[in-house]
Number of protein chains: 2
Amino acid sequence: MTVKTNTKGASKLPLNQILDGDCIEIMNSLPEGSIDLIFADPPYNLQLKGDLHRPDNSKVDAVDDEWDQFSSFAVYDKFTNGWLKAARRLLKPHGAIWVIGSYHNIFRVGAAMQNAGYWILNDVVWRKSNPMPNFRGKRFTNAHETMIWASKEEASKYTFNYEALKSLNEGVQMRSDWVLPICTGHERLKNEEGEKAHPTQKPESLLHRVLVGSTNPGDVVLDPFFGTGTTGAVAKKLGREFIGIEREEAYRKVAEKRLSKVRKFDRESLQVSTSKRAEPRVPFGQLVERGMLTPGDELYSMNNRHKAKVRADGTLIGDDVKGSIHQVGAALEGAPSCNGWTYWCFKRDGQRVPIDLLRQQIRAEMADRPN
Amino acid sequence: MTVKTNTKGASKLPLNQILDGDCIEIMNSLPEGSIDLIFADPPYNLQLKGDLHRPDNSKVDAVDDEWDQFSSFAVYDKFTNGWLKAARRLLKPHGAIWVIGSYHNIFRVGAAMQNAGYWILNDVVWRKSNPMPNFRGKRFTNAHETMIWASKEEASKYTFNYEALKSLNEGVQMRSDWVLPICTGHERLKNEEGEKAHPTQKPESLLHRVLVGSTNPGDVVLDPFFGTGTTGAVAKKLGREFIGIEREEAYRKVAEKRLSKVRKFDRESLQVSTSKRAEPRVPFGQLVERGMLTPGDELYSMNNRHKAKVRADGTLIGDDVKGSIHQVGAALEGAPSCNGWTYWCFKRDGQRVPIDLLRQQIRAEMADRPN
DNA sequence: TATGCTACTGAATCGACAC
DNA sequence: TGTGTCGATTCAGTAGCAT
């Protein structure tokens, strides 16, 4: 597999590979601050009576219940703190992490994340549309899992493709509860005996939403509990780089085979809807400089209750107020802020036209002739 | 109010009263092992910074009350451990507890519950049908809260009214995610100034489901953070005894007034929640996430005059147009609007098939297992 | 009385960048 | 590191008043 070098520090990164070994050791061997996003589906084999294992796979001694429970919690917490710390070291300053779990472990994991300095952005509920029923009728059907989305620290400028997610949700902003089916059918990988290759294979739809929403093409995504490689498969399809860590040979084999068959979507299909924030800034003064508006022209507020006059330096003057289009609009409305671009209109052929139209013209020209 | 004596230890219990004071001190003054169920809605420790305005410039009325302020995680943890310990002492051997929270606090609370010896039975997600949006477009809409349901210890024979819940859910097993609206309208209590009496009043529908599912008539329900008394009101309606603890006089007053008006349901009046659901909304993006269509796939218009390509975010790109299936269809036809579901087809085995067929598949899956 | 329009609201950790 | 300025951003629903 190829190794790209267009990402900072990426030359040292084993991109698009599955690394064999203990995830903490492997992570500690990778360069600091080199990863954009981590997706982690850590094991949680506690509370399974008769099959209680430590994360290092040694059996937990059967002692009295209370001590046993406390002991295994402590072991699990130590394991959790260990991999979370190693993961955080790898993240770029503006990197982020997703962790998925169920009620058996997610509360401990979430608390550990907060204690380690991660800044929780949302918890997201994966609502399974076809969960396993509760056969004994003693509890609620366990129909969801919880994901925690957190940035490396409070100040991180994390990636969030708001418009793309809104598009995925047909024009309504994406909520913190996602209804998606579990992984079944052809997508569910089988081993050579025809049994399911991994007990908790995640659906690609889940990773699609995670990666479209919180990464950009070319970003490096690390999955320290790679399993059968759902994270890698979706990353490859979406034009992201991945690094997987998995210590079970059987899973690595299945994942390698799976990944070899995956093809990247074509470039045009990977383009997603972007927000206005991503567009170049146009100072209002440019409309005056270019003669699209002339000093002395009158602008009218959206609600037609106020007017103001354009000045040569690209500021406005209204009744007792002068300043930028935003400042004058805010002052006249008595509002804490105001987007002057959508607030002010000018007259053309007797029609009121938002000044934002002129900005769009300039932006269109810029797109035709970049720089 | 009357004091019943049919419950063990109940003669010492201040039933159907609101107790004034610190919840830990009050709980420690009540007899050990006397409570059937605890419902707790502790402070969330929101840690809000500046003001937040809606896009229309109106200010969001934030939860900035003194009781939600904690100086650090450590202080919050100490508080949490304190009340959880006092609560557990009060529970009967087969008693249980519900705690509600958001991502700000629920992970710490859940871990503390496990450490204190509670045995988690389920986490239940309250999916809000009408949450407040994310106004800045920087995160997912915070559309749910999490409840943890736990028994006093692993061996507890907790109460679970499986059939009653199944009836509440139109004959299907109750799942771990509940769709309920937030508390608004006339149910939302106002103070004498006409402002909301409590910033975080919970809907009665939520408590209804909790109490029907995990208590029996005559059981004693304790709420250590009583607020305006939703737990008490629903308990009274359902013929359960309640004890409330609340240290804010303003909340106690509102709750007393509220409770004085509440009448117990007569035995036959099962209020039926006939939820005549509209057909669930299926965003086109979900067909892409779920792999029913792939980014790069081509769609063809019904009249075969146009085609467009599917993108990773569930938008289409045609000749010089991009946007939702509806927008692109309308643009290509020069029409003011267009139903993309019936306008676009994909090819399967050389045949043109309307994409609406795929939507119907998803709806059929959802109909099999409602809610 | 029915219908339509406007105003308002809800547990929210809700900028980025230049100087 | 702080300050000032630009300017992007909302969904489902209820209440109340006007027609």
Side-chain angles (χ1 to χ4, degrees), chain A residues 94 114 118-123 149-151 154-158 160 162-163 166 169 171-176 274-279 281-285 314-315 323-330 335-344 355-356 359, chain B residues 41-65 67-70 73 100-106 126 128-146 179 181-188 190 194-196 198-203 225 227 281:
Chain A
H94 301 317
Q114 291 181 313
Y118 290 100
W119 188 248
I120 299 184
L121 300 166
N122 276 114
D123 61 334
W149 176 42
S151 58
E154 186 178 355
S156 298
K157 288 172 193 153
Y158 54 92
F160 184 61
Y162 176 75
E163 291 293 339
K166 195 171 167 178
N169 200 30
V172 182
Q173 66 176 208
M174 190 69 81
R175 301 167 37 118
S176 60
T274 54
S275 80
K276 286 187 192 166
R277 273 186 272 255
E279 303 203 32
R281 276 169 74 145
V282 177
F284 175 73
T315 58
S324 71
I325 52 173
H326 317 292
Q327 290 168 332
V328 174
S337 71
C338 171
N339 183 344
W341 289 107
T342 51
Y343 180 75
W344 293 107
I355 59 173
D356 200 36
R359 180 171 66 162
Chain B
D41 183 9
Y44 289 7
N45 188 22
L46 287 186
Q47 307 175 63
L48 303 178
K49 302 266 172 2
D51 288 345
L52 178 65
H53 292 87
R54 298 184 180 80
D56 65 4
N57 271 324
S58 63
K59 186 165 173 257
V60 174
D61 184 13
V63 179
D64 52 4
D65 305 72
W67 50 255
D68 199 45
Q69 309 296 325
F70 296 83
F73 280 142
I100 184 168
S102 68
Y103 67 85
H104 309 84
N105 71 324
I106 198 65
W126 169 27
K128 303 178 184 183
S129 55
N130 50 350
M132 188 161 74
N134 186 292
F135 296 117
R136 307 299 294 269
K138 303 304 291 183
R139 302 183 177 189
F140 299 97
T141 309
N142 213 333
H144 75 275
E145 293 189 27
T146 301
V179 180
I182 60 177
C183 183
T184 60
H186 290 114
E187 190 187 333
R188 190 79 193 221
K190 306 280 191 292
E195 303 157 324
K196 59 188 174 192
H198 192 283
T200 70
Q201 186 183 339
K202 296 293 175 288
F225 308 99
R281 205 176 63 94

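Atom set for the values below is all heavy atoms of this structure, side chains included, hydrogens, waters and symmetry mates excluded. Every chain is numbered from 1 and lettered A, B, ... according to where its sequence line falls, protein lines coming before strand lines.
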- Note on the structure: Residue set satisfying side-chain contact (heavy atoms from CB on, under 4.5 Å) with A/S337, at least two apart, ordered chain then number -> B/N57

- Task: Can you sort out the partners of A/T274 under side-chain hydrogen bond (donor to acceptor under 3.5 Å, both in side chains), two or more places apart, ordered by chain and number?
- Result: none

- Let me have DNA chain D in dot-bracket notation, would you? Count Watson-Crick plus G-U wobble pairs, both distances under 3.5 Å, and use [ ] for pairs crossing earlier ones and | for inter-strand partners. .|||||....|||||||||

- Task: Check side-chain hydrogen bond (donor to acceptor under 3.5 Å, both in side chains) between B/Q47 and all other residues, then give those that pass, not counting sequence neighbours.
- Result: none

- Query: Does anyone know the first and last nucleotide of DNA chain D in reach of chain A, 5' to 3', at under 4.0 angstrom to a heavy atom?
  - Reply: D/dT5 to D/dC11

- Query: Can you name the residues that form a side-chain contact (heavy atoms from CB on, under 4.5 Å) with B/I106, not counting sequence neighbours?
  - Reply: A/F107, B/T146, B/I148

Nucleotides 3-9 of chain C: which of its N/O atoms have a protein N/O under 3.5 Å away?
none

- Query: Under the side-chain hydrogen bond (donor to acceptor under 3.5 Å, both in side chains) test, which residues partner B/T141, sequence neighbours left out?
  - Reply: A/Q173

- What integer number of Å spans the C1' atoms of C/dA12 and D/dT5? 25 Å

- Note on the structure: By side-chain hydrogen bond (donor to acceptor under 3.5 Å, both in side chains), B/N130 pairs with (sequence neighbours left out) none

- What nucleic acid atoms does A/R175 come within less than 4.0 Å of, heavy atoms only: base, sugar-phosphate, or nothing? nothing

- All ring-ring contact (aromatic ring centres under 6.0 Å, His included) counterparts of B/H198, not counting sequence neighbours: B/W67, B/Y251

Contacts under 3.5 Å, N or O only, protein and nucleotides 15-19 of chain C:
unit_1: C/dG15; atom_1: OP1; unit_2: B/R136; atom_2: NE; d: 3.1
unit_1: C/dG15; atom_1: OP1; unit_2: B/R136; atom_2: NH1; d: 2.4
unit_1: C/dG15; atom_1: OP1; unit_2: B/R136; atom_2: NH2; d: 3.3

- Task: Pick base, sugar-phosphate or nothing for A/C338, based on heavy-atom distances below 4.0 Å to the nucleic acid.
- Result: base

- Atom P, compared across C/dG10 and D/dT9: separation rounded to whole Å: 25 Å

- Message: Would A/N169 and B/R281 count as a side chain to side chain contact (heavy atoms under 4.5 Å, CB included) here? Give the steps.
- Response: CA-CA 10 Å; A/N169 200 30; B/R281 205 176 63 94; 3.4 Å; yes

- Task: Not counting sequence neighbours, which residues clear salt bridge (charged side-chain N to carboxylate O under 4.0 Å, His left out) with B/D68? List them please.
- Result: none

- Query: Contact class for A/S337 (heavy atom, under 4.0 Å): base, sugar-phosphate, or nothing?
  - Reply: base

